[in-house]
Amino acid sequence: MAGTDPIHQFVIQDMFPIHLGGDGTAGSGLNFSFTNSSLFMVATVAVISLYLILTTSAKSVVPGRAQLVSELLYGFVANMVRSAAGTAGMTFFPLVFSLFTFIFVANMFGMVPYFFTVTSHIIVTFALSMLVFLTVVIYGFVKNGPKFLKLFVPSGVPGYILPIVAPIEFISFMSRPISLSVRLFGNILAGHITLKVFTGFIVTMSSLGFLGILGSALPLIMAIALTGLEFLVGAVQAYVFAVLTCMYLNDAIHPSH
Amino acid sequence: MVTQVYAQEAAAPAEEHVEDVAHGATDTHADPTADTHATTEAHGGEHDSGVFPPFDPATFPSQLLWLAITFGALYVLMSKVALPRIGNILENRKSIVDADLAAADASRQKTDAAIAAYETALADARSKAQGIANETREKIQSDLASKRSAVEADLTAKVTEAETRIAATKRDALTHVDEIATETAQTVVGQIIGDVSTDSVRAAVAKASKE
């Protein structure tokens with residue numbers, strides 16, 4: 001029953017082993033191997049870059065369909081950044097655009113059978129959210145100096161409530177990278193496990209004879225519906241990640257809310 | 001009821017603890033390393049460390065390194081190549097559309113100006129034509145009036161002349177009436193009673209004509 005194991009799809013396998021340090025025994029030192037996860041990261045970046053660069057190479061004034069998709073994607077993310085973080089936020093447009101397209105394409109790759117889902121590993125989503133978090137903190141302090149701390153002091157709050165409100169604001173700020181990464185990771189992981197479990201039911205039930213084959217229609221319907229749902233979740237989570245990034249960047253640009 | 005549930009909940013970990021202790025107690029008899037080995041195998045065995053793959057720290061360095069490489073490459077490609085290019089395409093299109101709209105607007109304004117010029121020229125021509133017509137009419141009228149007055153003056157002069165001539169003729173005729181009467185009377189008197197002096201006849205005629 002290895003084929004129906006819902007966890008197997010998340011296993012990382014070395015493709016080109018690269019080991020640094022350690023004493024030569026397995027598991028010691030740092031493993032920088034090129035893995036199936038790395039392969040799909042490269043594929044994600046390659047698909048995005050090649051599509052955007054090749055479809056816009058003609059630079060047509062009247063765009064074809066492929067170029068129009070690139071332009072619409074550009075306009076979609078640009079509007080997102082501008083509406084959430086203002087015109088000053090356009091400094092971070094390439095970052096938000098890269099995050100959105102990377103997560104979106106990685107999620108869509110994950111929907112293809114036998115493909116590895118890069119965003120189903122907490123370390124990847126956590127690294128991306130720490131990138132956002134550190135960008136916000138560093139840019140916030142560089143641009144605003146100590147005024148960046150106003151973020152924790154909402155305007156219009158009476159002084160005697162501040163000792164309560166400021167710690168709450170601080171904790172909510174510090175928990176952002178965790179919520180940002182766990183939201184994406186959890187959605188993708190849970191969705192893929194659920195999908196695998198229901199498709200596993202089909203295999204298990206259809207091996208139980210005629211009634212089992214009839215009964216396997218139920219998990220089949222469920223799996224079909226979940227597949228549609230997972231495409232939606234993959235797109236929505238990429239969008240949510242990008243929008244929240246824009247809102248956090250807005251805090252760095254305009255700290256007093 | 002509440003206390004019962006609470007008691008059960010509180011009891012459960014305690015029981016586990018007791019079991020753990022018991023387990024540990026039994027394990028102490030066996031090899032402790034063998035026990036840890038058994039638990040790792042029970043959890044999985046897919047990967048070296050045997051934990052749930054997304055939480056396996058052994059894979060973190062590789063994932064972080066390759067994420068940094070790939071995402072860094074994506075960021076550089078997007079910020080240096082793809083996004084400026086798309087931005088340029090959109091900007092170029094916007095400038096072309098704006099220029100076309102401006103040109104169309106300029107053409108429209110030119111058309112409006114041409115229409116206005118045509119209208120003024122038309123109005124000018126119309127007023128000039130009206131002026132010429134008025135002038136001509138006045139000239140004709142004044143010409144006519146002067147000619148008429150000249151003719152009238154001429155006619156009046158002729159009428160007065162004729163009237164004076166008639167009056168003179170009448171006066172002449174009246175003076176001749178006395179002479180004719182005198183001659184006639186003299187002739188008649190001469191036939192009846194012989195010659196009479198002209199002076200006496202004239203006196204008589206004058207006397208008669210006065211009666």
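Convention: sequence-line order gives letters A, B, ...; per-chain numbering from 1.
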Side-chain heavy atoms of Leu128(A) within contact of Leu67(B), under 4.5 Å: yes
Heavy-atom check, side chain of Asn92(B) versus side chain of Lys59(A), under 4.5 Å: no
Main-chain N/O of Leu39(A) paired with Trp66(B) side-chain donor or acceptor, under 3.5 Å: no
Expected output: side-chain Arg85(B) to main-chain Ile53(A) donor-acceptor under 3.5 Å: yes
Among [options], single out the residue with the greatest number of heavy-atom pairs under 4.5 Å to chain B.
options                                 : value
Leu99(A), Thr55(A), Thr44(A)            : Leu99(A)
Thr56(A), Leu189(A), Leu95(A)           : Thr56(A)
Val45(A), Ile48(A), Leu131(A), Ile18(A) : Val45(A)
Gly75(A), Ser60(A), Ser33(A)            : Ser33(A)
Ser37(A), Pro63(A), Ser70(A)            : Pro63(A)

Taking atom [atom1] of [X] and atom [atom2] of [Y], what is their separation to the nearest 0.5 Å?
X        : Y        : atom1 : atom2 : result
Leu65(B) : Leu30(A) : CG    : CG    : 10.0 Å
Ile12(A) : Thr59(B) : CD1   : OG1   : 4.0 Å
Leu83(B) : Phe93(A) : CG    : CZ    : 5.0 Å
Ile89(B) : Gln67(A) : CD1   : CD    : 4.5 Å

So which heavy atom on [X] is nearest to which on [Y], and how close?
X        : Y        : result
Ser49(A) : Leu74(B) : OG-CD1, 3.8 Å
Val61(A) : Arg93(B) : O-NE, 2.6 Å
Ala82(B) : Leu52(A) : CB-CB, 4.0 Å
Gln63(B) : Met41(A) : O-CE, 3.7 Å

Structural part of Leu64(B) lying under 4.5 Å from a heavy atom of chain A: side chain
Side chain to side chain donor-acceptor pair (under 3.5 Å) partners for Thr119(A), two or more places apart: Asn107(A)
Options Ser79(B), Ala68(B), Ser62(B), ranked by heavy-atom pairs under 4.5 Å with chain A, top entry: Ser62(B)
Region of Tyr74(A) that comes under 4.5 Å of a non-hydrogen atom in chain B: side chain
Check: Phe185(A) ring centroid to Phe55(B) ring centroid under 6.0 Å: yes
Exceeds 12 heavy-atom contacts within 6.0 angstrom, atom CE of Met90(A): yes
